[in-house]
Amino acid sequence: MGLLRETGVDVTRSAAVDHSLQIQPGHAMFPSKQAPGLISAIESALPSGRQLGAILCVSGGFAAGDAQAPELLAGTEDMFARSVFPSFISVQLAARFLRPGGLLLLPGAAVGGNTPTPWGLSYGASKGAVHHLVKSLAAPGSGLPHDVTVVGLAPSTLDTDANRAAMPDADFSSWTPLQELADEVCKWAVTPSLCTNGGIYHVTTKEGQTSYRMA
(Lines give C-alpha, C1' and ligand atoms only; values in the text may rest on other atoms or scores of the structure.)
Protein backbone atom coordinates (compact mmCIF):
# COMPACT_ATOMS: atom_id res chain seq x y z
CA MET A 1 0.00 0.00 0.00
CA GLY A 2 2.95 2.34 -0.49
CA LEU A 3 4.24 2.19 3.10
CA LEU A 4 8.00 2.73 2.97
CA ARG A 5 8.90 1.03 6.23
CA GLU A 6 7.03 -1.12 8.74
CA THR A 7 7.94 -1.59 12.39
CA GLY A 8 6.10 -4.23 14.41
CA VAL A 9 5.86 -4.51 18.21
CA ASP A 10 4.67 -7.77 19.77
CA VAL A 11 5.47 -10.39 22.40
CA THR A 12 7.16 -12.41 19.63
CA ARG A 13 9.38 -11.30 16.77
CA SER A 14 7.97 -11.24 13.25
CA ALA A 15 9.68 -11.67 9.90
CA ALA A 16 6.74 -9.99 8.15
CA VAL A 17 7.89 -6.44 8.98
CA ASP A 18 11.04 -4.48 8.24
CA HIS A 19 11.85 -3.95 11.91
CA SER A 20 10.48 -6.20 14.68
CA LEU A 21 10.54 -5.16 18.35
CA GLN A 22 9.80 -7.67 21.10
CA ILE A 23 8.19 -6.80 24.44
CA GLN A 24 7.45 -8.88 27.52
CA PRO A 25 3.87 -10.15 28.10
CA GLY A 26 1.77 -10.01 31.24
CA HIS A 27 2.49 -7.56 34.06
CA ALA A 28 5.70 -6.46 32.36
CA MET A 29 3.49 -4.72 29.81
CA PHE A 30 2.93 -1.81 32.20
CA PRO A 31 3.44 1.33 30.06
CA SER A 32 6.11 2.79 32.34
CA LYS A 33 8.24 -0.34 31.88
CA GLN A 34 7.76 -0.86 28.15
CA ALA A 35 7.60 2.64 26.65
CA PRO A 36 11.17 3.86 27.32
CA GLY A 37 12.75 0.91 25.51
CA LEU A 38 10.32 1.18 22.59
CA ILE A 39 10.95 4.91 22.22
CA SER A 40 14.70 4.33 22.13
CA ALA A 41 14.39 1.46 19.63
CA ILE A 42 12.12 3.42 17.29
CA GLU A 43 14.42 6.44 17.42
CA SER A 44 17.26 4.16 16.32
CA ALA A 45 15.20 2.50 13.58
CA LEU A 46 13.76 5.64 11.98
CA PRO A 47 15.84 7.28 9.25
CA SER A 48 17.03 10.74 10.24
CA GLY A 49 14.24 13.30 10.08
CA ARG A 50 11.54 10.74 9.26
CA GLN A 51 8.24 10.34 11.10
CA LEU A 52 5.69 7.55 11.16
CA GLY A 53 2.66 7.85 8.91
CA ALA A 54 0.46 5.58 11.04
CA ILE A 55 0.49 3.76 14.37
CA LEU A 56 -1.85 0.77 14.46
CA CYS A 57 -2.48 -0.85 17.83
CA VAL A 58 -4.36 -4.14 17.43
CA SER A 59 -3.49 -5.76 20.76
CA GLY A 60 -6.40 -7.39 22.54
CA GLY A 61 -7.86 -10.43 24.24
CA PHE A 62 -10.99 -11.78 25.88
CA ALA A 63 -12.04 -12.68 29.42
CA ALA A 64 -15.46 -13.61 30.79
CA GLY A 65 -16.50 -13.20 34.41
CA ASP A 66 -19.27 -11.56 36.41
CA ALA A 67 -18.96 -10.04 39.89
CA GLN A 68 -18.88 -13.48 41.55
CA ALA A 69 -16.28 -15.00 39.25
CA PRO A 70 -13.14 -16.15 41.11
CA GLU A 71 -11.07 -15.13 38.09
CA LEU A 72 -12.51 -11.59 37.87
CA LEU A 73 -9.50 -9.74 39.27
CA ALA A 74 -6.95 -11.77 37.32
CA GLY A 75 -9.04 -11.21 34.21
CA THR A 76 -9.09 -7.48 34.88
CA GLU A 77 -5.31 -7.34 35.06
CA ASP A 78 -5.06 -9.34 31.83
CA MET A 79 -7.60 -7.27 29.90
CA PHE A 80 -5.99 -3.98 30.82
CA ALA A 81 -2.55 -5.37 30.00
CA ARG A 82 -3.79 -6.52 26.59
CA SER A 83 -5.94 -3.55 25.52
CA VAL A 84 -5.56 -0.44 27.67
CA PHE A 85 -1.82 -0.44 28.38
CA PRO A 86 -0.79 -1.01 24.73
CA SER A 87 -3.19 1.77 23.71
CA PHE A 88 -1.57 4.25 26.10
CA ILE A 89 1.89 3.21 24.93
CA SER A 90 0.73 3.84 21.37
CA VAL A 91 -0.50 7.28 22.40
CA GLN A 92 2.93 8.23 23.74
CA LEU A 93 4.60 6.90 20.59
CA ALA A 94 2.14 8.88 18.46
CA ALA A 95 2.87 12.09 20.38
CA ARG A 96 6.57 11.60 19.72
CA PHE A 97 6.83 9.99 16.29
CA LEU A 98 3.58 10.36 14.33
CA ARG A 99 3.64 12.91 11.53
CA PRO A 100 1.03 15.69 11.36
CA GLY A 101 -1.96 14.35 9.47
CA GLY A 102 -1.12 10.74 10.34
CA LEU A 103 -3.36 7.96 11.68
CA LEU A 104 -3.59 6.43 15.16
CA LEU A 105 -5.77 3.32 15.40
CA LEU A 106 -6.69 1.71 18.74
CA PRO A 107 -8.42 -1.63 19.56
CA GLY A 108 -12.08 -1.14 20.44
CA ALA A 109 -14.87 -3.72 20.34
CA ALA A 110 -18.36 -4.01 18.90
CA VAL A 111 -19.52 -5.55 22.19
CA GLY A 112 -18.24 -3.97 25.38
CA GLY A 113 -17.06 -0.56 24.36
CA ASN A 114 -20.36 1.26 24.81
CA THR A 115 -22.67 -1.56 25.93
CA PRO A 116 -23.10 -3.40 29.25
CA THR A 117 -21.24 -6.71 29.56
CA PRO A 118 -22.46 -8.28 32.83
CA TRP A 119 -20.97 -11.61 31.70
CA GLY A 120 -17.55 -10.04 31.14
CA LEU A 121 -16.95 -7.07 33.42
CA SER A 122 -13.21 -6.77 32.87
CA TYR A 123 -13.53 -7.16 29.10
CA GLY A 124 -16.18 -4.46 28.80
CA ALA A 125 -14.33 -2.10 31.12
CA SER A 126 -11.10 -2.38 29.15
CA LYS A 127 -12.83 -1.76 25.83
CA GLY A 128 -14.82 1.11 27.30
CA ALA A 129 -11.55 2.68 28.41
CA VAL A 130 -10.14 2.43 24.89
CA HIS A 131 -13.27 3.98 23.37
CA HIS A 132 -13.03 6.85 25.86
CA LEU A 133 -9.37 7.30 24.93
CA VAL A 134 -10.22 7.54 21.23
CA LYS A 135 -12.83 10.23 21.88
CA SER A 136 -10.52 12.17 24.19
CA LEU A 137 -7.58 12.08 21.80
CA ALA A 138 -9.77 13.44 19.01
CA ALA A 139 -10.71 16.45 21.14
CA PRO A 140 -8.68 19.68 21.14
CA GLY A 141 -5.74 19.79 23.53
CA SER A 142 -4.93 16.07 23.51
CA GLY A 143 -1.26 16.68 22.79
CA LEU A 144 -1.13 14.75 19.52
CA PRO A 145 0.48 16.27 16.41
CA HIS A 146 -1.61 18.57 14.24
CA ASP A 147 -4.44 16.98 12.22
CA VAL A 148 -3.81 13.41 13.41
CA THR A 149 -6.85 11.18 12.88
CA VAL A 150 -7.64 8.87 15.82
CA VAL A 151 -10.05 5.97 15.32
CA GLY A 152 -11.13 2.86 17.16
CA LEU A 153 -11.59 -0.44 15.36
CA ALA A 154 -14.53 -2.44 16.75
CA PRO A 155 -14.91 -5.79 15.00
CA SER A 156 -17.63 -8.29 15.89
CA THR A 157 -15.77 -11.59 15.46
CA LEU A 158 -12.50 -12.00 13.59
CA ASP A 159 -11.84 -15.21 11.68
CA THR A 160 -8.75 -16.38 13.55
CA ASP A 161 -7.49 -19.87 14.37
CA ALA A 162 -7.95 -19.16 18.08
CA ASN A 163 -11.59 -18.08 17.62
CA ARG A 164 -12.35 -21.14 15.49
CA ALA A 165 -10.86 -23.41 18.12
CA ALA A 166 -12.85 -21.69 20.88
CA MET A 167 -16.15 -21.69 18.92
CA PRO A 168 -16.02 -24.69 16.53
CA ASP A 169 -19.80 -24.74 15.99
CA ALA A 170 -20.15 -21.06 15.06
CA ASP A 171 -21.14 -19.68 11.66
CA PHE A 172 -17.74 -18.75 10.25
CA SER A 173 -19.32 -17.02 7.24
CA SER A 174 -20.33 -14.14 9.50
CA TRP A 175 -16.78 -13.64 10.77
CA THR A 176 -14.47 -11.02 9.28
CA PRO A 177 -11.42 -12.41 7.42
CA LEU A 178 -8.15 -10.97 8.68
CA GLN A 179 -6.88 -10.17 5.19
CA GLU A 180 -10.00 -8.15 4.41
CA LEU A 181 -9.58 -6.18 7.61
CA ALA A 182 -5.84 -5.66 7.04
CA ASP A 183 -6.44 -4.36 3.52
CA GLU A 184 -8.99 -1.82 4.75
CA VAL A 185 -6.77 -0.62 7.60
CA CYS A 186 -3.88 -0.17 5.16
CA LYS A 187 -6.10 2.08 3.05
CA TRP A 188 -6.84 4.18 6.14
CA ALA A 189 -3.14 4.34 7.01
CA VAL A 190 -2.25 5.66 3.55
CA THR A 191 -5.24 8.05 3.42
CA PRO A 192 -6.40 8.96 6.96
CA SER A 193 -9.03 11.31 5.50
CA LEU A 194 -11.06 8.17 4.73
CA CYS A 195 -11.85 8.05 8.47
CA THR A 196 -13.61 10.41 10.85
CA ASN A 197 -11.50 11.64 13.74
CA GLY A 198 -12.79 10.15 17.00
CA GLY A 199 -14.85 7.52 15.18
CA ILE A 200 -15.37 3.99 16.49
CA TYR A 201 -15.81 1.77 13.44
CA HIS A 202 -17.92 -1.35 13.87
CA VAL A 203 -16.84 -4.12 11.52
CA THR A 204 -19.40 -6.74 10.45
CA THR A 205 -19.43 -9.38 7.75
CA LYS A 206 -22.53 -10.86 6.11
CA GLU A 207 -22.68 -13.13 3.06
CA GLY A 208 -19.04 -12.44 2.29
CA GLN A 209 -19.44 -8.65 2.40
CA THR A 210 -17.70 -6.68 5.14
CA SER A 211 -18.98 -3.27 6.20
CA TYR A 212 -17.39 -0.54 8.33
CA ARG A 213 -19.98 1.54 10.16
CA MET A 214 -19.12 4.38 12.51
CA ALA A 215 -20.92 4.07 15.84
Side-chain angles (χ1 to χ4, degrees), residues 1-3 6-12 14-17 25 53-64 75 78-87 90 102-117 119-120 122-135 137-138 149-215:
M1 299 300 299
L3 299 178
E6 297 173 345
T7 296
V9 181
D10 208 333
V11 294
T12 58
S14 172
V17 295
I55 294 178
L56 313 175
C57 180
V58 293
S59 177
F62 177 80
D78 187 52
M79 287 299 92
F80 274 71
R82 290 177 180 269
S83 293
V84 181
F85 294 165
S87 294
S90 298
L103 175 74
L104 173 61
L105 181 144
L106 300 179
V111 176
N114 299 312
T115 56
T117 54
W119 44 264
S122 60
Y123 176 80
S126 68
K127 294 304 182 180
V130 174
H131 286 207
H132 174 82
L133 187 57
V134 169
K135 299 293 186 182
L137 290 168
T149 298
V150 186
V151 297
L153 193 64
S156 294
T157 307
L158 298 178
D159 193 354
T160 65
D161 292 339
N163 281 341
R164 288 195 177 220
M167 298 174 279
D169 298 325
D171 177 13
F172 301 147
S173 67
S174 65
W175 292 8
T176 301
L178 290 184
Q179 188 60 56
E180 151 65 34
L181 185 63
D183 290 344
E184 186 68 18
V185 169
C186 281
K187 293 177 184 177
W188 296 356
V190 173
T191 311
S193 60
L194 294 174
C195 310
T196 298
N197 191 28
I200 306 293
Y201 284 85
H202 287 188
V203 184
T204 56
T205 298
K206 184 176 181 181
E207 297 179 351
Q209 297 295 316
T210 300
S211 61
Y212 300 82
R213 177 180 58 83
M214 193 173 71

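All values below come from the heavy atoms of this structure, side chains included, with hydrogens, waters and symmetry mates left out.
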Handout entry: Rounded distance (nearest 0.5 Å) linking atom CG of L103 with atom SG of C186
Key = 10.5 Å

Exercise for the section: Taking all heavy atoms of V130 and all of G108, pick out the closest pair and write down the distance. Expected result: CG1-N, 4.2 Å

Exercise for the section: For residues P107 and S87, report the shortest heavy-atom separation together with the two atoms involved. Expected result: CD-OG, 3.3 Å

Exercise for the section: Would you give the length of the straight line joining atom CD of E180 to atom OG1 of T205, rounded to the nearest 0.5 angstrom? Expected result: 6.5 Å

Handout entry: Partners meeting side chain to side chain donor-acceptor pair (under 3.5 Å) with S156 (sequence neighbours left out)
Key = none

Exercise for the section: Take N197 and V150 through the side-chain contact (heavy atoms from CB on, under 4.5 Å) test and state the conclusion after the steps. Expected result: CA-CA 5 Å; N197 191 28; V150 186; 3.8 Å; yes

Exercise for the section: Indicate yes or no: at least one non-hydrogen side-chain atom of L137 is less than 4.5 angstrom from one of L106. Expected result: yes

Handout entry: Where A63 and M79 come nearest, the two heavy atoms and their spacing
Key = N-SD, 3.7 Å

Problem - Residues which pass side chain to side chain contact (heavy atoms under 4.5 Å, CB included) with F62, listed by chain and number, not counting sequence neighbours - result: A64, W119, Y123

Handout entry: Summary of salt bridge (Lys or Arg N to Asp or Glu O under 4.0 Å) pairs that have at least one residue in residues 157-179, sequence neighbours excluded
Key = D159-R164

Exercise for the section: Report the C-alpha distance between V151 and Y212 in whole Å, list the side-chain angles of each, state the deciding distance to 0.1 Å, and finish with yes or no for side-chain contact (heavy atoms from CB on, under 4.5 Å). Expected result: CA-CA 12 Å; V151 297; Y212 300 82; over 6 Å; no

Handout entry: Gap separating the CH2 atom of W188 from the OG1 atom of T149, nearest 0.5 angstrom
Key = 11.0 Å

Exercise for the section: Identify the two heavy atoms, one from A129 and one from V84, that lie closest to each other, and give their separation to 0.1 Å. Expected result: CB-CG2, 3.9 Å

Practice task
Answer yes or no: is there a side-chain heavy-atom contact under 4.5 Å between V134 and L104?
Solution key: no

Practice task
Mind checking the OG-CD spacing from S211 to E184? Nearest 0.5 Å is all I need.
Solution key: 10.5 Å

Handout entry: Shortest non-hydrogen contact between G60 and S83, atoms and distance
Key = CA-OG, 3.7 Å

Exercise for the section: Supply the atom-to-atom distance Q209 CD to T204 OG1, rounded to the nearest 0.5 angstrom. Expected result: 11.0 Å

Problem - Stepwise side-chain contact (heavy atoms from CB on, under 4.5 Å) check, M167 with T157 - result: CA-CA 11 Å; M167 298 174 279; T157 307; 4.3 Å; yes

Handout entry: Residue pair A165 / P168: nearest heavy atoms and the distance that separates them
Key = O-CD, 3.6 Å

Practice task
Any pair with a residue in residues 206-215 that passes salt bridge (Lys or Arg N to Asp or Glu O under 4.0 Å), sequence neighbours left out, goes on the list, sorted by first then second residue, please.
Solution key: none

Practice task
Could you tell me the separation between the CG atom of N114 and the NZ atom of K127, rounded to the nearest 0.5 Å?
Solution key: 12.5 Å

Handout entry: Intermediate values then yes/no, side-chain contact (heavy atoms from CB on, under 4.5 Å), L181 and L153
Key = CA-CA 10 Å; L181 185 63; L153 193 64; 3.9 Å; yes

Handout entry: Residues that T160 engages under side chain to side chain donor-acceptor pair (under 3.5 Å), provided they are two or more places apart
Key = N163

Completion exercise
Taken in chain and number order and not counting sequence neighbours, the residues that satisfy side chain to side chain contact (heavy atoms under 4.5 Å, CB included) with T196 are Y201, M214

